[in-house]
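The structure under discussion appears below in the form of structure tokens.
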Amino acid sequence: MSSGVAARRDAKKLVRSPSGLRMVPEHRAFGSPFGLEEPQWVPDKECPRCMQCDAKFDFITRKHHCRRCGKCFCDRCCSQKVPLRRMCFVDPVRQCAECALVSHREAEFYDKQLKVLLSGATFLVTFGDSEKPETMVCRLSNNQRCLILDGDSHHEIEIAHVCTVQILTEGFTPGVEKDIHTYTSLLGSLLASEGSTRATGMFLQYTVPGAEAATQLRLMAGEDANGSKRQAAAWLAAMHKATKLLYESRDQ
């Protein structure tokens with residue numbers, strides 16, 4: 001990919017919405033697959049009372065809209081201002097208590113796991129039915145849209161085209177495929193096991209425009225160095241969080 005094309009994909013612009021300032025992709029087609037659209041606000045005339053505590057709105061009790069769900073609340077029920085990176089807000093925005101909890105949890109992905117995915121890790125990568133793996137660095141593109149694999153060859157996989165993920169662990173026997181939602185629950189349990197079960201790689205299936213069947217890709221942590229293994233394990237854990245956010249984006 002030329003530097004000019006890459007620059008256009010990563011270009012952003014500042015826009016003002018009723019909810020606040022947002023730094024969004026200049027071209028909508030290059031938006032992050034983890035992003036969420038701004039919700040439609042519940043019209044003022046349809047919410048005479050707080051949608052949480054049922055307090056009646058008047059001159060003293062003012063109404064506020066949560067920037068994440070769009071519902072209408074009193075100040076007490078919608079007082080927190082929390083970063084909302086998935087909607088590209090520049091500054092923290094007002095959210096109800098329930099949405100603020102979700103946004104706080106998601107902030108960890110952007111502050112920690114996203115950096116790991118962008119940095120990349122080394123894996124032994126097998127494409128399709130090939131029996132010969134290739135040592136490649138796998139990383140997330142700067143605009144978060146693609147998995148980029150670099151080795152003797154170069155591949156880019158659209159994150160939005162990933163349809164199936166299967167976690168591989170020590171002692172794993174390949175067999176049952178997991179869709180993205182099932183995978184999320186499974187890997188969440190593995191990560192919570194505090195090392196008793198170690199993730200060593202994953203299968204991905206993704207669609208390619210024009211192809212009838214999904215393409216399969218296998219990533220396995222290498223055996224060359226402990227540092228490389230740790231980096232690969234951290235990358236897999238970050239990919240778990242990314243997969244969860246991707247599933248939630250599709251579901252909304």
Taking all heavy atoms of [X] and all of [Y], pick out the closest pair and write down the distance.
{"X": "Leu118", "Y": "Ser141", "value": "CD2-O, 3.3 Å"}
{"X": "Cys53", "Y": "Cys50", "value": "N-SG, 3.4 Å"}
{"X": "Lys56", "Y": "Thr61", "value": "O-CB, 3.6 Å"}
{"X": "Phe73", "Y": "Met51", "value": "CE2-C, 4.2 Å"}
{"X": "Gln205", "Y": "Ala214", "value": "CB-CB, 4.4 Å"}
{"X": "Arg68", "Y": "Cys99", "value": "CD-CB, 3.7 Å"}

Look only at the side chain of [X] and the backbone of [Y], and say whether a donor-acceptor pair between them is shorter than 3.5 Å.
{"X": "Gln95", "Y": "Cys69", "value": "no"}
{"X": "His161", "Y": "Val208", "value": "no"}
{"X": "Arg94", "Y": "Cys78", "value": "yes"}
{"X": "Arg145", "Y": "Glu158", "value": "no"}
{"X": "Arg86", "Y": "Leu245", "value": "yes"}
{"X": "Glu134", "Y": "Asp152", "value": "yes"}
{"X": "Arg22", "Y": "Met87", "value": "yes"}
{"X": "Glu26", "Y": "Ala11", "value": "no"}
{"X": "Ser130", "Y": "Thr126", "value": "no"}
{"X": "Arg62", "Y": "Ile60", "value": "no"}

Exercise. Do Asp111 and Arg85 meet the salt-bridge criterion of a basic N to acidic O distance under 4.0 Å?
Worked result: yes
Does the side chain of [Y] come within less than 4.5 Å of [X]'s, by heavy atoms?
{"X": "Ile157", "Y": "Thr215", "value": "no"}
{"X": "Leu217", "Y": "Leu149", "value": "yes"}
{"X": "Leu219", "Y": "Cys138", "value": "yes"}

Problem set entry | Cluster check Phe123, Phe127: I/L/V/M/F/W/Y, side chain < 4.5 angstrom | yes
Exercise. Looking just at side-chain N and O atoms, do Ser17 and Glu38 make a donor-acceptor pair shorter than 3.5 Å?
Worked result: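 Ser17 vs Glu38: donor-acceptor pair found between side chains.
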Exercise. Counting only heavy atoms not in Lys63, do more than 12 sit closer than 6.0 Å to its NZ atom?
Worked result: yes
Exercise. Taking the inter-plane angle between the rings of Phe109 and Phe34 on a 0 to 90° scale, is it parallel (under 30°), tilted (30 to 60°) or perpendicular (over 60°)?
Worked result: perpendicular
